[in-house]
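Have a look at the structure below, then the notes.
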Amino acid sequence: DTEVTQTPKHLVMGMTNKKSLKCEQHMGHRAMYWYKQKAKKPPELMFVYSYEKLSINESVPSRFSPECPNSSLLNLHLHALQPEDSALYLCASSHPSGTPFFGPGTRLTVL
Amino acid sequence: AQKVTQAQTEISVVEKEDVTLDCVYETRDTTYYLFWYKQPPSGELVFLIRRNSFDEQNEISGRYSWNFQKSTSSFNFTITASQVVDSAVYFCALSEVVMNRDDKIIFGKGTRLHILP
């Protein structure tokens with residue numbers, strides 16, 4: 001299994017909703033990442049988990065809450081988002097210092 | 001600090017033409033990795049190549065080739081005999097390798113490539 005899967009593919013939520021994005025990989029990678037990509041912009045790093053511990057938080061607002069329940073799973077919990085948070089959310093995984101492989105992303109729209 | 005510059009925002013070429021996408025990077029580290037990713041309209045980032053800073057050999061993979069020159073801090077990507085399916089946004093990226101610290105990959109702004117039939 002050489003892929004990163006993300007669910008859901010699309011998500012529409014209101015500003016008062018709570019939702020979660022899910023990412024899964026079975027490549028034995030011990031580093032997992034969340035990136036945010038706005039239209040016509042490059043991906044921007046949000047969080048890095050290394051060996052299931054949060055190692056990098058790029059000053060992301062607390063309305064985004066990552067969770068790594070085990071070495072294969074990465075979640076991003078969303079609460080009280082703003083319309084400007086609408087974007088493509090990309091998950092990636094890699095071996096330490098390895099090449100990140102990306103999932104297909106979740107297109108999030110906040111109304 | 002790391003920086004990746006892709007000066008070409010958008011390029012259009014006619015099918016079968018060759019096209020080169022430029023990438024210039026800045027880093028203070030001696031050990032780093034350079035990447036190219038392709039992002040088709042579907043949105044998924046597709047890995048194309050990774051190069052470490054000690055390997056300046058050029059690489060060819062089918063119609064794709066990469067030219068890494070440390071002297072000019074450039075890692076350019078050439079598509080030979082372009083095809084419509086090559087239409088996508090291409091990102092050059094850089095990560096520094098630092099002991100006991102997780103890697104951060106920084107992306108350039110991307111080059112949007114249109115291959116016209």
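Every chain is numbered from 1 and lettered A, B, ... according to where its sequence line falls, protein lines coming before strand lines. In this text, all values refer to a predicted model and were calculated from it rather than measured experimentally.
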**Asked** Is it the case that more than 12 heavy atoms not belonging to Lys70(B) sit under 6.0 Å from its NZ atom?
**Response** yes
**Request:** Pick one of side chain, backbone, both or neither for Glu44(A), based on which atoms fall under 4.5 Å of a heavy atom in chain B.
**Result:** neither
**Request:** List the atom of Pro42(A), the atom of Gly108(B), and the distance in Å for their closest heavy-atom pair.
**Result:** CB-O, 3.1 Å
**Which atoms of Gln39(B) approach chain A - backbone, side chain, both or neither, heavy atom under 4.5 Å** = side chain
**Asked** Distance from Lys104(B) atom NZ to Leu45(A) atom CG, nearest 0.5 Å?
**Response** 6.5 Å
**Message:** Nearest 0.5 Å, please: how far is CD in Gln37(A) from CZ in Phe91(B)?
**Reply:** 5.0 Å
**Asked** Looking at residues at least two apart in the chain, or sitting in another chain, which of them share a side chain to side chain donor-acceptor pair (under 3.5 Å) with Asn75(A)?
**Response** Glu67(A)
**Request:** With chain B as the partner chain, list the residues of residues 79-90 of chain A whose heavy atoms fall under 4.5 Å from it, by residue number, and write 'none' if nothing qualifies.
**Result:** Leu88(A), Leu90(A)
**Fill in**
Interface check, chain B: of Gly98(A), Ser94(A), Pro43(A), most non-hydrogen pairs under 4.5 Å belong to Pro43(A)
**Message:** Only heavy atoms, only distances under 4.5 angstrom. Which residues in residues 5-12 of chain A are near chain B?
**Reply:** none
**Request:** Apply the test side-chain contact (heavy atoms from CB on, under 4.5 Å) to residues Ile105(B) and Tyr35(A): give CA-CA distance (whole Å), side-chain angles for both, the deciding distance (0.1 Å), then the verdict.
**Result:** CA-CA 10 Å; Ile105(B) 293 185; Tyr35(A) 280 82; 3.5 Å; yes
**Item:** Joint hydrophobic cluster, Tyr37(B) plus Ile106(B), side-chain heavy atoms closer than 4.5 Å
**Value:** no
**Asked** Around Lys19(A), counting heavy atoms of other residues, nucleotides and ligands shown, do more than 12 lie under 6.0 Å from its NZ?
**Response** no
**Request:** Flag the one option from Val46(B), Thr9(B), Leu45(B) with the top tally of heavy-atom pairs under 4.5 Å to chain A.
**Result:** Leu45(B)
**Prompt:** Cluster question for you: counting only ILVMFWY and a side-chain heavy-atom cut-off of under 4.5 Å, with indirect links fine, are Val14(B) and Tyr90(B) together?
**Reply:** no
**Request:** Check the surroundings of atom NZ in Lys41(A): do more than 12 heavy atoms from other residues, nucleotides or ligands lie under 6.0 Å from it?
**Result:** no
**Request:** Search all heavy atoms of Phe35(B) against all heavy atoms of Pro100(A) and return the closest pair with its distance.
**Result:** CE2-CD, 3.9 Å
**Request:** Look at the side-chain heavy atoms of Ile, Leu, Val, Met, Phe, Trp and Tyr, link any pair under 4.5 Å apart, and say whether Tyr49(A) and Leu21(A) land in one connected group.
**Result:** yes
**Request:** Verify the cluster assignment for Phe77(B) and Val24(B): are they in a single hydrophobic cluster under the rule of side-chain heavy atoms below 4.5 Å apart?
**Result:** no
**Item:** Residues of residues 103-111 of chain A within contact distance of chain B, non-hydrogen under 4.5 Å
**Value:** Gly103(A), Pro104(A), Arg107(A)
